[in-house]
Protein chains: 2
Amino acid sequence: MLGYCGRMGSKNSTATKRADALRSIDAIVQAAAECLGKNPEASLSEIARAAGVGRVTLYAHFNSRAEVVDAAMSRAIDRGNEVLDTVDLTGDPRLALARYIEAGWHLVDQARALLAAAQRELPAGRIRELHAGPAARVETLVARGRAEGAFRTDLPIAWMVNVLHTVMHSATEEIRAGRLTPDHAADHITATVLAAFTPPGTPVPETGGGA
Amino acid sequence: MLGYCGRMGSKNSTATKRADALRSIDAIVQAAAECLGKNPEASLSEIARAAGVGRVTLYAHFNSRAEVVDAAMSRAIDRGNEVLDTVDLTGDPRLALARYIEAGWHLVDQARALLAAAQRELPAGRIRELHAGPAARVETLVARGRAEGAFRTDLPIAWMVNVLHTVMHSATEEIRAGRLTPDHAADHITATVLAAFTPPGTPVPETGGGA
DNA sequence: TATAACGTGAACACCGCTGTTCGACTTAGC
DNA sequence: GCTAAGTCGAACAGCGGTGTTCACGTTATA
């Protein structure tokens with residue numbers, strides 16, 4: 001947590017800030033995460049307005065748009081990690097994957113839009129750095145599932161992780177397009193990914209609605 | 001074909017144009033499809049330059065950016081249809097799907113980026129109109145596969161079509177990111193989607209490299 | 001070859017976003 | 001209650017994109 005403040009040369013030095021300043025910063029980062037989560041090219045004016053703060057105040061705390069994006073990205077990742085930390089990823093890899101999807105599918109689309117913003121403002125190294133944590137969690141799960149024979153091994157781990165995230169993301173797009181209702185999303189994603197991960201020659205598991 | 005010219009109030013009226021004008025228009029539409037296929041926010045200056053044409057010339061043939069996007073989109077769809085028309089979609093739905101993927105996976109990413117551009121410049125109705133043709137082809141195939149018992153029926157057709165296109169698109173992103181080589185793309189997509197489409201309780205087909 | 005259509009660069013006005021400065025006002029904290 | 005820190009709107013310069021006009025050069029075509 002707090003990973004979004006005082007990263008680089010941002011004006012948030014270690015010097016003690018006043019309470020209202022901290023409140024402003026928090027409101028800005030939160031608004032940035034929301035706005036950029038919806039629209040990667042949201043302007044700083046929009047973000048300031050959404051934060052209930054003047055545009056000048058925003059520039060008083062962040063030197064550039066890149067810093068705002070970085071802060072929003074860090075915040076979203078921290079929030080996501082908090083949620084995902086509560087998920088039990090032990091036991092049958094198939095059930096663990098289902099739990100992961102259930103908990104995380106709605107996080108992915110905001111993260112994706114944020115990522116799109118980040119990819120235009122932040123250096124590639126910084127993005128990898130931010131992405132490393134969340135990625136490792138899933139990679140470990142997939143690797144374990146492969147080792148235990150629950151998941152296929154004829155496709156690279158990176159590809160499988162990509163499929164998982166891609167399908168999760170596409171679900172939110174389907175919802176936006178009105179072709180899918182939120183209450184079916186997790187089931188559809190789980191049924192799809194579990195089948196996609198099944199080793200060739202093995203029957204696809206039945207995923208009867210209940211997680 | 002020729003679906004991209006003279007759609008609405010574009011300056012391409014039915015009046016006979018000179019040969020060099022037609023050549024310019026064609027170069028512009030082609031360049032637009034390429035540029036917008038790479039970057040949905042490519043400027044008209046970029047497109048004109050890529051077409052080897054002055055910016056003013058572009059405005060002589062198209063009233064607005066939207067018209068250029070529409071023309072590029074129409075062209076890309078026409079081109080895609082031409083390619084897909086050569087693919088045999090009869091016989092075993094699984095093999096037909098594999099052929100479809102083999103022929104079309106590399107078309108999807110350009111179409112996607114183009115779609116992103118279109119979604120910001122064109123009305124939703126126009127987009128649906130353009131998308132209807134290509135979508136129908138796949139929907140028919142998936143529906144047939146379900147009817148014949150080759151594909152699962154516990155998920156909506158729209159969702160399955162979405163999964164197919166999403167996975168195809170993600171492959172091109174993986175290639176861009178350097179995590180996948182183009183010669184493996186079709187195999188990975190096919191293996192993934194075929195498994196995802198397999199009815200629960202049925203073994204996942206083996207897709208030993210050669211399609 | 002005449003002429004209308006076409007291509008062109010330069011220049012224009014307009015817009016929105018970025019990042020900055022200034023002066024005045026409000027508030028937190030000692 | 002004093003002071004430094006914070007907030008704010010207005011206004012600035014710079015940039016890049018859009019869409020338009022103009023005057024001049026080029027080319028197709030009858």
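Within every chain, numbering begins at 1; the chains are lettered A, B, ... in the order of the sequence lines, protein sequences first and strands thereafter.
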CD1 of A/Ile28 to CZ of A/Phe62: how many Å apart, nearest 0.5 Å? 5.5 Å
I need the [atom1]-[atom2] distance between [X] and [N], as an integer number of Å.
| X | N | atom1 | atom2 | result |
| --- | --- | --- | --- | --- |
| B/Asn39 | D/dG17 | CG | P | 11 Å |
| B/Glu41 | C/dG16 | CD | P | 18 Å |
| A/Lys17 | C/dG29 | NZ | P | 13 Å |
| B/Asp20 | C/dT8 | CG | P | 10 Å |
| B/Arg55 | D/dT20 | CZ | P | 11 Å |
| A/Phe62 | C/dT20 | CZ | C1' | 18 Å |
| B/Leu58 | C/dT8 | CG | P | 11 Å |
| B/Arg120 | D/dG17 | CZ | C1' | 13 Å |

Using a 4.0 Å heavy-atom cut-off across all strands, classify A/Arg65 as base, sugar-phosphate, or nothing. sugar-phosphate
Passing candidate, side chain to side chain contact (heavy atoms under 4.5 Å, CB included) with A/Leu164, options A/Thr192, A/Val108, A/Leu97, A/Leu141: A/Leu97
Does A/His131 have more than 12 heavy atoms from other residues, nucleotides or ligands lying within 6.0 Å of its NE2? no
Do other residues, nucleotides or ligands put more than 12 heavy atoms under 6.0 Å from B/His184 NE2? no
Taking every heavy atom of B/Ala51 against every heavy atom of B/Ala27, the minimum-distance pair comes out as CB-O, 3.5 Å
Might you point out which heavy atoms bring A/Thr207 and A/Ala191 nearest each other, and give the distance in Å? OG1-CB, 3.6 Å
Does A/Tyr59 put a side-chain nitrogen or oxygen below 4.0 Å from OP1 or OP2 of C/dT20? no
Taking OP1 and OP2 of C/dG7, is either one under 4.0 Å from a side-chain nitrogen or oxygen of B/His61? yes
Can you list every side chain to side chain donor-acceptor pair (under 3.5 Å) pair that touches residues 27-39 of chain B, not counting sequence neighbours? none
Name the closest nucleotide to the [X] side chain, picking from [options].
| X | options | answer |
| --- | --- | --- |
| B/Thr57 | D/dG9, C/dA28, C/dT8 | C/dT8 |
| A/Ala19 | D/dC8, D/dT7, C/dA28 | C/dA28 |
| A/Ser64 | D/dA28, D/dT21, C/dG19 | C/dG19 |

Using a 4.0 Å cut-off on heavy atoms, which residues in residues 42-51 of chain B reach DNA chain D? List them by number, or say none. B/Ser43, B/Leu44
Ignoring hydrogens and angles, tell me if any N or O in the side chain of A/Thr198 forms a donor-acceptor pair with the backbone of A/Leu194 under 3.5 Å. yes
Strictly distance-based, threshold 3.5 Å: is any side-chain N or O of A/Arg75 a donor or acceptor partner for the main-chain N or O of A/Asp26? no
Angle separating the five-pair end axes of the helix from C/dT1-D/dA30 to C/dC30-D/dG1, nearest 10°, is 20°
Ion pair B/Arg126/B/Glu129, N-O distance below 4.0 Å: yes
Taking N and O atoms by type only, does the side chain of B/Arg18 place a donor or acceptor under 3.5 Å from a partner on the base of D/dT29? no
